[in-house]
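Shown next, in C-alpha cells, is the structure this report addresses.
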2 protein chains.
Amino acid sequence: MTDLFPDKGHDHGRCIDSALHQAEIVAEANNARFTNMRRRVFTLIWQSHKAITAYELLDALQAEGVRAQPPTVYRALEFLVGLRLIHRIESLNAYFGCDMPDCEHLGQYFICRNCGRVAEAVNEDMSRAVRTAAGIVGFKIEATTIEIKGLCHDCAAH
Amino acid sequence: MTDLFPDKGHDHGRCIDSALHQAEIVAEANNARFTNMRRRVFTLIWQSHKAITAYELLDALQAEGVRAQPPTVYRALEFLVGLRLIHRIESLNAYFGCDMPDCEHLGQYFICRNCGRVAEAVNEDMSRAVRTAAGIVGFKIEATTIEIKGLCHDCAAH
DNA sequence: GACGAAATGATATAATATAACACTTCAATA
DNA sequence: TATTGAAGTGTTATATTATATCATTTCGTC
Ligand SMILES: [Zn+2]
Ligand SMILES: [Zn+2]
Ligand SMILES: [Zn+2]
Ligand SMILES: [Zn+2]
C-alpha cells in the first residue's frame with residue numbers, strides 16, 4: 001500500500017516551495033504573469049493539502065490585511081485553474097493545489113471527509129476506462145471530473 | 001456504436017410514464033411517501049433528458065400556478081436524490097432523472113454541452129478501475145462522482 | 001514619456017442553498 | 001372516532017457561491 005496522502009510529519013514548507021517554483025516555471029512557459037495577487041492566493045491554497053473555498057481565501061487575504069473583494073479572488077482562481085496550477089473540486093466548490101502541473105493528467109481526486117485532505121491520482125486504467133466507455137457510445141470527451149469521497153488511509157485506521 | 005442517448009424521435013411520454021411507475025415502486029419499497037409535491041418535481045425533471053436546476057424547477061412550478069419557495073424544491077430534490085430517483089450533476093448544480101433506480105450503480109454521467117442531455121452509464125471497467133485505484137492507496141470509498149462533459153454522438157456529427 | 005493591454009479595485013447584484021419556525025396532513029392507535 | 005405525534009409543507013429570512021460592470025492602476029512596448 002502506497003499512501004497517496006503526504007505523511008503527517010512531512011516538511012510542508014518544501015511542498016509550498018516546490019509548488020511555487022513549479023508555478024513560476026509554468027507561468028513563464030505560458031507567457032503568463034504570476035502577479036503578486038495570484039501568488040498570494042496560490043500560496044494560501046498551498047497552506048495545506050485540503051481544499052479551500054473562494055470565500056475562505058477571501059477571509060484569509062483580509063486577515064493578512066489585503067483589501068480584497070470576491071472578484072479578486074475569483075479572478076486569481078480562474079487564472080490558476082486555467083494554467084492547471086490548482087484544481088476545483090466541484091462537489092465542494094473548493095480548490096486545492098496541483099502537485100504535478102507540468103504533466104498532462106486526467107484529474108482523479110480522492111477527498112477525505114474526515115481530515116479534508118485532497119490527493120490527486122494519475123491512473124491510466126481509469127483514464128482508459130473512461131475513454132473506452134466514451135468511445136463505445138460515440139461520445140466526444142472534452143472534460144472529465146472524477147471525485148472520490150471517503151476516508152484516507154490514516155483516517156480509516158482511526 | 002450504441003448510443004447512450006435516446007433517439008431524437010423516441011416516445012418521451014413512455015420515458016415519463018415508466019419513470020413514474022418505477023418511482024412509485026421504489027418509494028413503496030422504501031416506505032417513503034411519494035407525495036404530490038414530490039411527484040410534481042419528479043415529473044418536471046423528467047420533462048426532458050437534460051439536467052435542470054433547482055431554480056428552473058421553481059420557475060416551472062410557479063408557471064404551473066403552484067406557490068412554491070426554494071425550500072420546497074430543495075426538499076423534494078433531497079428526497080428524490082436520497083432514493084436515487086434522480087441524480088445531481090455537481091459541475092452543473094443540476095438534476096436529472098435516473099432511468100434505473102432499482103439497480104445499484106456507480107454514477108457515471110455523460111453530459112452533452114451542446115444539447116444539454118445527460119446519460120448515465122454503468123460501466124464495470126470504470127467502476128473496477130476506481131475501486132482498484134482506491135485499494136492501492138488504502139482509500140475507503142464512500143461516494144464517487146464521475147462527470148464526463150463533451151459532445152454526444154448526435155451533436156458531434158453536426 | 002505615451003500608449004494600449006492586462007490586471008486589479010470597487011460596487012452591485014445574480015445564482016445557489018439553508019435555517020428556523022409555523023402550520024398542515026396523515027397514519028397509527030387509544 | 002378522536003387523539004396524537006411524526007412527516008411534510010408554507011413562509012420568511014438569510015447564508016453561501018459567483019459574476020457583471022465600470023473605474024483605476026500596473027506594466028511592458030514603443
Ligand atoms: Zn505538504
Ligand atoms: Zn483523512
Ligand atoms: Zn425520453
Ligand atoms: Zn448533444
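Computation of the quantities below employed the complete heavy-atom set of this structure, encompassing side-chain atoms and omitting hydrogens, waters and symmetry-equivalent molecules. Proteins get letters first, then strands, A, B, ... in listed order; numbering begins at 1 in each.
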Worksheet item: Taking OP1 and OP2 of C/dG9, is either one under 4.0 Å from a side-chain nitrogen or oxygen of A/Thr72?
Response: yes

Item to complete: Establish, with yes or no, whether the OP1 or OP2 oxygen of D/dT9 is under 4.0 angstrom from a side-chain nitrogen or oxygen of B/Thr35.
Response: yes

Rounded distance in Å - [atom1] ([X]) to [atom2] ([N]):
X       : N      : atom1 : atom2 : result
A/Arg39 : C/dT8  : CZ    : P     : 12 Å
B/Arg67 : C/dC23 : CZ    : P     : 15 Å
B/Asp59 : C/dT16 : CG    : P     : 10 Å
A/Leu77 : C/dA7  : CG    : C1'   : 15 Å
B/Met37 : D/dT11 : CE    : P     : 10 Å
B/Asn31 : D/dA6  : CG    : P     : 16 Å
B/Leu58 : C/dA14 : CG    : P     : 16 Å
B/Ile89 : C/dT16 : CD1   : P     : 15 Å

Item to complete: Could you tell me the separation between the CZ atom of A/Phe5 and the NE2 atom of A/His49, rounded to the nearest 0.5 Å?
Response: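 Going from the CZ atom of A/Phe5 to the NE2 atom of A/His49 covers 10.5 Å.
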
Worksheet item: How long is the gap from CD on B/Glu28 to CD1 on B/Ile25, to the nearest 0.5 Å?
Response: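 Spacing of CD (B/Glu28) from CD1 (B/Ile25) equals 9.0 Å.
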
Worksheet item: What is the per-nucleotide protein-contact pattern of nucleotides 24-30 of chain D, from the 5' end, where B denotes a base atom under 4.0 Å from a protein heavy atom, S denotes such proximity for sugar-phosphate atoms only, and - denotes neither?
Response: ---S---

Worksheet item: Base, backbone or nothing for each nucleotide of nucleotides 16-21 of chain D, written B, S, -, heavy atoms under 4.0 angstrom, 5' to 3'?
Response: -BBBBB

Worksheet item: What's the verdict on salt bridge (charged side-chain N to carboxylate O under 4.0 Å, His left out) for A/Arg128 and A/Asp125, showing C-alpha distance, side-chain angles and the deciding distance?
Response: CA-CA 5 Å; A/Arg128 191 181 323 106; A/Asp125 286 346; 3.4 Å; yes

[X], [atom1] atom: more than 12 neighbouring heavy atoms under 6.0 Å:
X       : atom1 : answer
B/Glu78 : CD    : no
B/Arg84 : CZ    : no
A/Gln62 : CD    : yes

Discussion item. Based on the rotation axes of five pairs at each end, what angle does the helix from C/dG1-D/dC30 to C/dA30-D/dT1 bend through, to 10°?
Written reply: 20°

Discussion item. Heavy-atom nearest nucleotide on DNA chain D for B/Asn36 versus B/Gln69: which residue maps closer to 5'?
Written reply: B/Asn36

Fill in: Backbone of A/Trp46 reached by a side-chain donor or acceptor of A/His12 within 3.5 Å
yes

Worksheet item: Does a donor on one side chain sit under 3.5 Å from an acceptor on the other, for A/Ser91 and A/Glu147?
Response: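 There is such a pair (donor and acceptor under 3.5 Å, judged by atom type) between the side chains of A/Ser91 and A/Glu147.
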
Discussion item. Using the rule side-chain contact (heavy atoms from CB on, under 4.5 Å), only one of A/Leu77, A/Ile86, A/Ile16, A/Leu83 pairs with A/Phe42; which is it?
Written reply: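 Of all the options given, the one that passes is A/Ile86.
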
Worksheet item: Stepwise, does the side chain to side chain contact (heavy atoms under 4.5 Å, CB included) test hold for B/Gln108 with B/Val122?
Response: CA-CA 7 Å; B/Gln108 301 161 7; B/Val122 173; 5.6 Å; no

Discussion item. Distance to the ring centre below 6.0 angstrom and angle to the axis at most 45 degrees; does that hold for B/Arg38 and B/Phe79?
Written reply: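 Yes; both conditions hold, so B/Arg38 lies above the ring face of B/Phe79.
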
